[in-house]
Amino acid sequence: MASLNTVLVPLVALLVTVASASNFYNDFDITWGDGRAKILSNGDLLTLNLDKASGSGFQSRNEYLFGKIDMQLKLVPGNSAGTVTAYYLSSKGSAWDEIDFEFLGNLSGDPYILHTNVFSQGKGNREQQFYLWFDPTADFHTYSILWNPQRIVFSVDGTPIREFKNLESMGVPFPKNQPMRIYSSLWNADDWATRGGLVKTDWALAPFTASYRNFNAEACVLSNGVSSCGTTTSPPASTSNAWFSEELDSTRQERLKWVRENYMVYNYCNDVNRFPQGLPPECSMS
């Protein structure tokens, strides 16, 4: 019995640590930008800056294989046309997995476009885009990714905007074997981001700034190939890890339907011209 406790004690400690209050100094590394990314307020705030010379970015120190990831963002205010704030999970290699939030800048007064995508084994082409029902530059809002073996759910302030189910039984690849880090960057994409590249970045308004706070991860951390959850094929024993088998209840399904009916502006599953050989198989289930 002593040997079992020896295994369980560090496992429980890891699970508690993963779900604890965040500090950007502990959880993330600034990866590029030559000083344009800054950790402030004793680690409670992180800012990314973009000017004509360069953008900036950061990544998580941990790798995750399933989790419920929350981050509060306040986006570039005013005329942010041409800028993109990317916040996503990604693995490495030529057959990578990825779960994307991308915020496409706007002209002052126009709404941001929230761009989402899911890559599995190096294949994406699953874009869905939304307007938001608030000004994402006026205050912080919570952007969440639930990723468990059954589904991926994108949420904004607790409201689901997109669900991508595990449909491997229909031949649809699903991200489940490759650990992913969290990445974020603020960069110039005025060749495509705003109205297909028609609107260019106004560098007289630089530097552009996006801000981050209140990161939280209830997640399975991989270290040297070993998961802090003990196994990734069955739910962790702790009731605090209900996310591992979480699904959308009827209330959240209604919220998802409300977002799709009122705020969705592009859905690859409706783009028949893009898929002349037929829509992807998962589209028949959505």
Donor-acceptor pair, side chain of Asn106 and main chain of Ala81, under 3.5 angstrom: no
Ser91 side chain vs Asp97 backbone, donor-acceptor pair below 3.5 Å: yes
Cluster check Val118, Trp96: I/L/V/M/F/W/Y, side chain < 4.5 angstrom: no
From Ser120 atom OG to Asn166 atom CG, the distance as rounded to the nearest 0.5 Å: 9.0 Å
Check: Phe215 ring centroid to Phe24 ring centroid under 6.0 Å: no
Result of checking Phe154, Phe174, Phe164, Phe66 against Trp147 for ring pair (Phe, Tyr, Trp, His ring centres under 6.0 Å): Phe66
More than 12 heavy atoms of other groups within 6.0 Å of Asp249 CG: yes
Heavy-atom pair of closest approach, residues Ala86 and Ser184: O-OG, 2.7 Å
Heavy-atom pair with the smallest gap, counting every atom of Gln253 and Leu248: NE2-O, 3.1 Å
Nearest atoms (heavy-atom pairs only) where Cys269 meets Leu279: O-CD1, 3.0 Å
More than 12 heavy atoms of other groups within 6.0 Å of Lys200 NZ: yes
Note, Asp100 side chain near Thr116 side chain (heavy atom, < 4.5 Å): no
Backbone N/O of Arg260 and side chain of Gln128: donor-acceptor pair under 3.5 Å: no
Asp29 and Thr31 side chains, donor-acceptor separation under 3.5 Å: no
Side-chain heavy-atom pair Phe101, Thr85 within 4.5 angstrom cut-off: no
Within one Ile-Leu-Val-Met-Phe-Trp-Tyr cluster: Leu65 and Phe119, side-chain cutoff 4.5 Å: no
Side-chain ion pair, Arg213 and Asp44, N-O less than 4.0 Å: no
Aromatic ring pairing Phe28/Phe58, orientation class (parallel under 30°, perpendicular over 60°, tilted between): perpendicular
NZ/NE/NH1/NH2 to OD/OE distance under 4.0 Å, Arg252 and Glu246: yes
Straight-line distance of Ser54 OG to Asn49 CG, nearest 0.5 Å: 10.5 Å
Considering all heavy atoms, the nearest Lys74-Phe140 contact: N-CD2, 3.7 Å
Contacts of Arg181 that satisfy side chain to side chain contact (heavy atoms under 4.5 Å, CB included) - sequence neighbours left out: Gln59, Ser60, Glu63, Tyr183
Cluster overlap Ile69 with Val221, hydrophobic side-chain contacts below 4.5 Å: yes
Option among Trp187, Phe208, Tyr143 that satisfies the ring pair (Phe, Tyr, Trp, His ring centres under 6.0 Å) test with Phe103: Tyr143
Beyond-backbone contact of Leu205 with Trp203, side-chain heavy atoms, under 4.5 angstrom: no
Gap between atom CH2 of Trp32 and atom CD1 of Ile30 - 0.5 Å precision: 12.0 Å
Closest contact, heavy atoms only, Val172 versus Pro281: CG2-CG, 3.7 Å
Nearest-0.5 Å distance that lies between atom CG in Leu46 and atom OG in Ser22: 10.5 Å
Within 6.0 angstrom of Asn262 CG, more than 12 heavy atoms from elsewhere: yes
Connected via hydrophobic side-chain network under 4.5 Å: Leu167 and Val153: yes
Residues in salt bridge (Lys or Arg N to Asp or Glu O under 4.0 Å) contact with Glu127, at least two apart in sequence or another chain: Arg274
Student check: side-chain heavy atoms of Val156 and Phe134 closer than 4.5 Å: yes
Distance-minimising heavy-atom pair for Cys220 and Ser227: CB-OG, 3.5 Å
Side-chain donor-acceptor pair present, Tyr268, Asn117, cut-off under 3.5 Å: no
hydrophobic_cluster_shared for Met71 and Leu186, side chain cutoff 4.5 Å: yes
Separation of Tyr212 OH from Leu73 CG (nearest 0.5 Å): 5.0 Å
Asp157 and Thr142: CA distance, side-chain angles, deciding distance, side chain to side chain contact (heavy atoms under 4.5 Å, CB included) verdict: CA-CA 5 Å; Asp157 290 336; Thr142 303; 3.8 Å; yes
Note, Arg255 side chain near Pro160 side chain (heavy atom, < 4.5 Å): yes
Greater than 12 external heavy atoms within 6.0 Å of Lys92's NZ: no
Identified ring pair (Phe, Tyr, Trp, His ring centres under 6.0 Å) partner of Tyr263 from the options Phe130, Tyr112, Trp258, Tyr131: Trp258
Side chains of Glu247 and Gln150 in contact at under 4.5 Å (non-hydrogen atoms): no
Residue pair Leu132 / Leu114, side-chain heavy-atom distance below 4.5 Å: yes
Ser56 OG to Leu50 CG distance, which is reported to the nearest 0.5 Å: 7.5 Å
